[in-house]
There are 2 protein chains.
Amino acid sequence: MLTERQLLVLQVIVDEFIHTAQPVGSRSISKKDEVTFSSATIRNEMADLEEMGLIEKTHSSSGRVPSEKGYRFYVDHLLSPFRLSKQEVRSIQDAFRDQMLEFERVVQKSAGILSELTNYTSIILGPEVFDTKLKQLQIVPLTSQTAVAILVTNTGHVEHRAFNIPVEIEAVDLEKMVNILNERLSGVPLIKLHENIFREVGDLLKTHTQNYEKAFKYLQAALVDEQPAKLYVGGKTNILIQPEFKDLEKVRSLYSMMEKENEIAHLLRSTHPGLKVRIGHENEVDAMQDCSLITASYVLGDDQVGTIALLGPTRMEYNRVIQLMHVLSGQMTETFKSWYQK
Amino acid sequence: MLTERQLLVLQVIVDEFIHTAQPVGSRSISKKDEVTFSSATIRNEMADLEEMGLIEKTHSSSGRVPSEKGYRFYVDHLLSPFRLSKQEVRSIQDAFRDQMLEFERVVQKSAGILSELTNYTSIILGPEVFDTKLKQLQIVPLTSQTAVAILVTNTGHVEHRAFNIPVEIEAVDLEKMVNILNERLSGVPLIKLHENIFREVGDLLKTHTQNYEKAFKYLQAALVDEQPAKLYVGGKTNILIQPEFKDLEKVRSLYSMMEKENEIAHLLRSTHPGLKVRIGHENEVDAMQDCSLITASYVLGDDQVGTIALLGPTRMEYNRVIQLMHVLSGQMTETFKSWYQK
DNA sequence: TTTAGCACTCGTTAGAAGAGAGTGCTAACA
DNA sequence: TGTTAGCACTCTCTTCTAACGAGTGCTAAA
């Protein structure tokens, strides 16, 4: 168990290092107002803290730097009740002031704000697909051979896909098919579309349309494709500001990891609702082992949950950032709620 | 006018520098098989070339490096009839082999291939909007208060936008309106939608719907919004490989410029059809003054033109890259043509 | 006209010296 | 017994110097 004094020393070290990115020496700690004891005492305490694995040296005669364990402790026990400046809260609220009624817009803007306010990189992930339900299906013929299938969800999300119409299929049949599908499948969760589409409407369709098999196969392929998760990223270049990313190789590996949208989506999905902080090696991904990832969830509609995330160096302003994410995710949830409350 | 020998020397310098990124000395030139004269002779020629502004030194006793003017000359006059390896052509063709029938997919994949084959960053811009014509308009109600407006173009492009339905507007009216709009506006180029939507249908709508003014205002705002140009970017991290981007500040300014999609779109738009090379300061944008940008056009449908671009250091493999872009833009045009030929 | 030779330039690298920041330990102090 | 002043020691970082080498420009000879 840590003594009061050790807690204080650890707190000062982390706070200091977060702002300066430089190892913190005993003398600079003793100069702090809230510290009343001498640098020698602090050195003793630091030796203990180091033994416990909460801080480390960069070399034998350097100041101390928080270890990952140290950050973890800090996040778990030392977050002071931090108050966001009115300005910060305002700038979030202002952004939501003007009526935005498109999911994409809200999210895009949120990502922008978050990265701007923090100088880290923000990533927002849309709600999980299996909660979304089919609202309407639509086929728009383009030429005699091609058409666009459009799928609208109850969340206002629109998915579309162009496809080829095989010669042996009549446009009329397609139309019939769509009508039937609409009638039967409206309200079905997207993720169940794949099974339902067969079970429920197979027979019905067969009796009504010619060349059912083939037409259906096409339609299905066009619609029930795995939809790549949509990510909204803000402030990608902010990473480059951080001194820990002077090393181009690190930047490179981080950026190429961010290009793999699926992986990231998966990473963010796995979060339970609420706020979670992953520090350094707590992230499974190699490229992120010098980073911390903070995730929070927002609610869309009834019980669809999406994720907002913030990626920065382990030396992150946890205090402020966590508050910000609370406010933002709350604001997003609020906004979305107003869409559905009737 | 340059002598044969000067041409040869310049060519060797550029070729060499493109591969090594190191200043080229007279001795290393004289070692080349195709060079039959001594290093002293070369030094004389180099002095002349430098006087003409085609090459420069990095410091008083260094080897030579092509100047921008030198690259320009090289691109204009010294591109040897380069042959792509069969492998390269194959990998492009292979990618187009499987039937892709969605514009986005083809483009996305093309961008991927191009960046992979070149190790530079590829940017593809969709066709200009004003050539695209409205195919169908659709309104899908979500709740009593919200709906999604969907717009399909003749190219299979789908644009959508959620909007709020003011209480004083009836769903029936909206539907009527959409029907009328569809009837009258199908086939109208998108860019004219804004004017036509007023002129042609204003009167008609007034007589048929209640609360026309307001409903219409909403619909219009929902649809005729300036649509942000869609960019498809591949190999963003490739820039980081290039030795000229060891400087983080450069990387940063380049990346933040790439985040301004509108600017880039504008940049690429302004290209006349055909292939164009912009070297260093020939690019107006500040962040790109150490880069070369090669643009080529592809054709979609009747006469819609889109742009594919490649961004790399001025020290670019012009020869190979230009060939690649020819093949790729051709292949894209080919593919799109097959969609519309009936 | 071409080329061999040579002095000269300048960037790069390695090593040495010194400064500075910070530590651990010891001994004195309250 | 906990705290602190003092001091030797460690390690990094910066600066300076010297040596090296790649490459040039110029001169003179072939």
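Source: prediction; values computed, not measured. All chains are named by letter (A, B, ...) in the order of the sequence lines, taking the proteins before the strands, and each is independently numbered beginning at 1.
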Taking only residues two or more places apart in sequence, or in another chain, which ones meet Phe245(B) in a ring-ring contact (aromatic ring centres under 6.0 Å, His included)?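 In terms of ring-ring contact (aromatic ring centres under 6.0 Å, His included), with neighbours along the sequence ignored, Phe245(B) is linked to no residue.
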For Tyr255(A), the ring-ring contact (aromatic ring centres under 6.0 Å, His included) test, sequence neighbours excluded, returns Tyr255(B)
Find the distance [X]:[atom1] to [N]:[atom2] and express it as a whole number of Å.
{"X": "Phe37(A)", "N": "dT1(D)", "atom1": "CZ", "atom2": "C1'", "value": "17 Å"}
{"X": "Ile42(A)", "N": "dG2(D)", "atom1": "CD1", "atom2": "C1'", "value": "15 Å"}
{"X": "Gln6(A)", "N": "dT3(D)", "atom1": "CD", "atom2": "P", "value": "11 Å"}

Return the set of residues passing salt bridge (charged side-chain N to carboxylate O under 4.0 Å, His left out) with [X] (not counting sequence neighbours), or none when no residue passes.
{"X": "Glu56(A)", "value": "none"}
{"X": "Glu68(B)", "value": "none"}
{"X": "Lys32(B)", "value": "Glu16(B)"}
{"X": "Arg252(A)", "value": "none"}

In 5'-to-3' order, the base (B), backbone-only (S) or no-contact (-) status of each nucleotide in nucleotides 21-30 of chain C, using a 4.0 angstrom heavy-atom cut-off, is BBBB------
Open item on the list: Within residues 7-15 of chain B, which residues have any heavy atom lying less than 4.0 Å from an atom of DNA chain D?
Closed with: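 Hits under 4.0 Å, by residue number: none.
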For a quick test of your reading: what N or O donor-acceptor pairs under 3.5 Å do the side chains of residues 46-55 of chain B make, sequence neighbours left out?
from	atom 1	to	atom 2	distance (Å)
Glu50(B)	OE1	Arg64(B)	NE	3.0
Glu50(B)	OE1	Arg64(B)	NH2	2.8

Tabulated below should be each protein N or O lying under 3.5 Å from an N or O of nucleotides 13-15 of chain D; please produce it.
none

### Query
Between dT2(C) and Ser38(B), is there an OP1 or OP2 to side-chain N/O distance shorter than 4.0 Å?
no
Check your understanding: With respect to Leu231(A), which candidate in Ile123(A), Asn262(A), Ile124(A) satisfies the side-chain contact (heavy atoms from CB on, under 4.5 Å) definition?
Key ->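 By the side-chain contact (heavy atoms from CB on, under 4.5 Å) criterion, Leu231(A) pairs with just one of Ile123(A), Asn262(A), Ile124(A): Ile123(A).
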Exercise answer: donor-acceptor pairs, residues 73-80 of chain A side-chain atoms, under 3.5 Å, sequence neighbours excluded:
from	atom 1	to	atom 2	distance (Å)
Tyr74(A)	OH	Asp15(A)	OD1	2.6
Asp76(A)	OD1	Arg72(A)	NH1	3.1
Ser80(A)	OG	Asn319(A)	ND2	3.0

Quick note, salt bridge (Lys or Arg N to Asp or Glu O under 4.0 Å) partners involving residues 240-251 of chain A, not counting sequence neighbours, are Glu244(A)-Arg315(A), Lys250(A)-Asp290(A)
